[in-house]
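Data block below; observations after.
These values consider heavy atoms only, across backbone and side chains, with no hydrogens, waters or symmetry-generated copies. Position 1 is the first residue of the sequence, and the numbers go up from there.
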Amino acid sequence: MKKILIIFGVLFAVTSCGKEFIERSSPTEIAENNFWQSEQDAFLALNGVYSALQSKSLYGGNLNGWQGFAGFDGLGDNAFNQYKWEGLGVFMEGTADPSSGPLNQIWNDSYTGIARVNQVIKNVQTISEDLVDAETKKQLLGQGYFLRGLLYFNLAVYFEDAPLITEPQTLDEAYVPKNTYDEIIAQVREDLKFASANLPEAYPDNLYGYATKGAALGLFARVQLYNKVYDGPDGVLDLTQQAMGLGYSLDPDYAGLFTPEKEQSPEIVFSVRFLRGAATQNGETFSGTYQGTPKVDQRPMPNLVNDYYCTDGLPVTTSPLFNPADERDNRDPRAIATIYFKGDQYYDNPVKIFPGNGPTGYGMRKYIRRGPDAEGNASFGEGSQDFYVIRYADILLMRAEAMAETGDVAGATALVDQIRARVNMPSVESVEGAVGQQEMIQIVRHERRVELALEGLRFMDLKRWGEIEEGFNRAIADPVGPYNPSYQGKKSEVFPIPQNEIDVNPNLVQNPAWQ
């Protein structure tokens, strides 16, 4: 498969130090007086922001290190971070601290991306239209505001209060205090409002991967859903309705969706793109695995596996179709596409069969490679699998949740039925019958879990619903060892600000939960 990538690594930095440094030409930095001289420069700088998303701590992932957002189902009840020292496991057990390196990297790489995107926004606004025409400037700015919105929304969810920086900084301006969560979200909304209005619906094939109008609307809807803004202009219902008119559709092959062959499926609204190789230097490791067992550091939890219904639409606790001797029998096809069960072939070259070992008894299948690639590169090395930040299925489920929360049970039911029909699962009415609002809310939440499992969204969902403690309790109840999740109130719901940031910035104060 040929992948055309517009994203590649670039070191983009502008410094403002003493005169002696200004007069020197740096071989590793792009300064204002020798950059922003062409449209190509503008795209190069924009690509530098996209490359920040590819970092291992954000969307690139790891096999022996910080998991990145791709592994964030390890926060909560969906997955066990078996290599607990990678960050998520120690957070769940309550032994992380503000000096924990893995938990700090998301902060550092997010602000790297923010520094880059602030440069893009400032300079694209001022660059001459003789160099970049007005329409191209509008699209560049739309992408910049989208990317800044994405970076800041992630910070708001996981750190809550954090510095809000919207202009390029000099060293003298670097020591800034925190802003509140509400201030950050207000800026995110403004950024995404601009992006939604100014981004195109699509790009030429050779520019696939840049943020589109649909990406901006989808992210905006996620922000509003998280903040329970369902109705009105720029509410979830309004934003998802707009996104649904842009030509996206559910891919008929759910199992095949999470492979390189499906990376440009009409279901993909926005993805972080990857391409392994010496020339590109932007491979990923979130899809990596060792040969001896399915992906070690993200193990599906039994309580997640048990939440997948049988093909009659009933839970395993009540369905006559459930076969405890072979849990794969008669199960929701999404379970088979997401999880390796005992007896499954998980590796193709050489052939390996999963014996059901490991601390949870299950393996992760979604996204995970099944052997060396066509060039013989090992499955534990870098790969070329894109990570899907927003899928059309998520947009439908966000809309269904907003409908359920506002009392439109029929509308929510129709959307859940659409999601279920893609994998030939029975409709709500045929199994649950006529349901009320509260029951529909729970149906939508269940559907989100089984549809989006192991895609990094579970903690965000649990936190939005006020169910972090319940998630911890489900993880505690699972027979997984050695694993000792410990819910510690607010400390289990927000990351600490890195201690080294507080040490060098006298204006930065630690989150109260971690003081």
**OP:** Could you give me the CA-CA distance, side-chain angles and deciding distance for T338 and R365, then say whether side-chain hydrogen bond (donor to acceptor under 3.5 Å, both in side chains) is met?
**Re:** CA-CA 5 Å; T338 303; R365 182 170 190 157; over 6 Å; no

Original post:
Checking ring pair (Phe, Tyr, Trp, His ring centres under 6.0 Å) against F387, which of F270, F69, Y59 comes through?
Top reply: Y59

Subject >> Min side-chain heavy-atom separation Y309-P315 under 4.5 Å >> reply: yes

Subject >> Donor on one side chain, acceptor on other, Y181 and N227, under 3.5 Å >> reply: yes

Subject >> Atom NZ of K463 with >12 non-hydrogen neighbours under 6.0 angstrom >> reply: yes

**OP:** State, without any angle test, whether S57 and D109 hold a side-chain donor-acceptor pair at a distance under 3.5 Å.
**Re:** yes

Subject >> Intermediate values then yes/no, side-chain hydrogen bond (donor to acceptor under 3.5 Å, both in side chains), Q510 and Q515 >> reply: CA-CA 6 Å; Q510 184 58 268; Q515 289 177 353; over 6 Å; no

Subject >> Heavy-atom pair with the smallest gap, counting every atom of P300 and L454 >> reply: CG-CD1, 4.1 Å

Original post:
Within the side chain of R331, is there an N or O that forms a donor-acceptor pair under 3.5 Å with the backbone of Y308?
Top reply: yes

Original post:
If you take all heavy atoms of A513 and V494, which pair is closest and at what distance?
Top reply: CB-CG1, 4.1 Å

Subject >> Pair K366-Y340, side-chain donor/acceptor within less than 3.5 Å >> reply: no

**OP:** Pick out which of V416, I443, T413 makes a side-chain contact (heavy atoms from CB on, under 4.5 Å) with E432.
**Re:** I443

Original post:
Crowded around Q442 CD? As in, over 12 foreign heavy atoms under 6.0 Å?
Top reply: yes

Original post:
Mind checking whether I185 and F153 have side chains closer than 4.5 Å, heavy atoms only?
Top reply: yes

Original post:
Between the side chain of N484 and the main-chain N/O of E93, is any donor-acceptor distance below 3.5 Å?
Top reply: no

**OP:** Please assess Y362 against R299 for the test side chain to side chain contact (heavy atoms under 4.5 Å, CB included), listing each intermediate value before the final yes or no.
**Re:** CA-CA 6 Å; Y362 303 99; R299 299 281 196 174; over 6 Å; no

**OP:** Could you tell me whether K228 and E405 have a side-chain N and a carboxylate O separated by less than 4.0 Å?
**Re:** no

Original post:
Excluding sequence neighbours, so at least two apart, what forms side-chain contact (heavy atoms from CB on, under 4.5 Å) with N303?
Top reply: D77, M301, R449, R474, D478

Original post:
After noting the C-alpha distance and the side-chain angles of R391 and E455, does the key distance pass the side chain to side chain contact (heavy atoms under 4.5 Å, CB included) rule?
Top reply: CA-CA 10 Å; R391 292 197 283 122; E455 295 181 44; 2.8 Å; yes

Subject >> 4.5 Å side-chain heavy-atom contact, Q143 and V49 >> reply: no

Subject >> Ion pair E501/K178, N-O distance below 4.0 Å >> reply: no

Subject >> From NZ (K56) to CD1 (I106), nearest 0.5 Å >> reply: 15.5 Å

Original post:
Would you say T406's side chain and M403's backbone share a donor-acceptor pair under 3.5 angstrom?
Top reply: yes

Original post:
Shortest non-hydrogen contact from A211 to L199?
Top reply: O-CD2, 3.6 Å

Subject >> Backbone of P200 reached by a side-chain donor or acceptor of K213 within 3.5 Å >> reply: no

Original post:
Within the distance-only criterion (no hydrogens, no angle test), does the side chain of D417 pair as donor or acceptor with the backbone N or O of V428 below 3.5 angstrom?
Top reply: yes

Subject >> Check: F322 and N330 side chains under 4.5 Å, non-hydrogen atoms >> reply: no

Original post:
Is there a donor-acceptor contact under 3.5 Å from the side chain of S100 to the main chain of A96?
Top reply: no

Subject >> D234/K193 ion pair, N-O < 4.0 Å >> reply: yes

Original post:
Which heavy atom in V431 sits nearest to a heavy atom in L314, and how many Å separate them?
Top reply: CG1-CD2, 3.8 Å

Subject >> pair F274-Q54: side-chain heavy atoms closer than 4.5 Å >> reply: yes

Subject >> E401 side chain near R448 side chain, heavy-atom distance below 4.5 Å >> reply: yes

Original post:
Roughly how far apart are L53 CG and L150 CG, rounded to 0.5 Å?
Top reply: 6.0 Å

Subject >> Distance in Å, L63 CG paired with Y83 OH, rounded so as to fall on 0.5 Å steps >> reply: 7.5 Å

Original post:
What about the rings of F91 and W66, do their centers lie closer together than 6.0 Å?
Top reply: no

Original post:
Salt bridge between D461 and R464, side-chain N to carboxylate O under 4.0 Å?
Top reply: yes

**OP:** Output, in order, the C-alpha distance, side-chain angles, deciding distance and verdict of side-chain hydrogen bond (donor to acceptor under 3.5 Å, both in side chains) for S51 and R116.
**Re:** CA-CA 10 Å; S51 74; R116 293 178 182 179; 3.0 Å; yes

**OP:** For residues V305 and F341, determine if any side-chain heavy atom of one lies less than 4.5 Å from a side-chain heavy atom of the other.
**Re:** yes

Original post:
Looking at OG of S271 and CG of D386, how far apart are the two atoms once the value is rounded to the nearest 0.5 Å?
Top reply: 4.5 Å

Subject >> Minimal non-hydrogen separation, T285 against N62, with atom names >> reply: OG1-CA, 3.3 Å

Original post:
Mind checking whether K342 and E327 have side chains closer than 4.5 Å, heavy atoms only?
Top reply: no

Original post:
Does the side chain to side chain contact (heavy atoms under 4.5 Å, CB included) test come out yes or no for L225 and R222, once each step is laid out?
Top reply: CA-CA 5 Å; L225 185 72; R222 181 175 290 174; 5.7 Å; no

Original post:
Does the pair K122/E167 count as a salt bridge with the N-to-O cut at 4.0 Å?
Top reply: no

**OP:** Look at the aromatic rings of F495 and F72 and report parallel, tilted or perpendicular, splitting at 30° and 60°.
**Re:** perpendicular

**OP:** Show the numbers, then the answer: is there a side-chain hydrogen bond (donor to acceptor under 3.5 Å, both in side chains) between D312 and S319?
**Re:** CA-CA 7 Å; D312 57 5; S319 173; 2.7 Å; yes

Original post:
Between P426 and T311, which heavy-atom pair has the shortest distance, and what is it?
Top reply: CD-O, 3.4 Å

Subject >> Under 3.5 Å donor-acceptor, E267 side chain and Y392 backbone >> reply: no

Original post:
Between Q224 and L239, does a side chain to side chain contact (heavy atoms under 4.5 Å, CB included) hold up when you go through it step by step?
Top reply: CA-CA 9 Å; Q224 298 295 64; L239 296 167; 3.8 Å; yes

Original post:
So F258 and Y367, would you call those rings parallel, tilted or perpendicular, with 30° and 60° as cut-offs?
Top reply: perpendicular

**OP:** Would you mind checking if E467 and R458 are paired as a salt bridge, meaning a charged N to carboxylate O distance below 4.0 Å?
**Re:** no

Subject >> Reference residue Q67; test side chain to side chain donor-acceptor pair (under 3.5 Å); the match among N81, D73, D297 >> reply: D297

**OP:** Determine whether the aromatic ring centres of Y210 and Y50 lie less than 6.0 Å apart.
**Re:** yes

**OP:** Determine yes or no for a side-chain-to-main-chain donor-acceptor pair under 3.5 angstrom, with N118 supplying the side chain and I165 the backbone.
**Re:** yes

Original post:
Is the side chain of S427 donor-acceptor paired with the backbone N or O of S430 at a distance under 3.5 Å, no angle test?
Top reply: yes

Original post:
So, R273 and E284, do they make that salt bridge, N to O below 4.0 Å?
Top reply: no

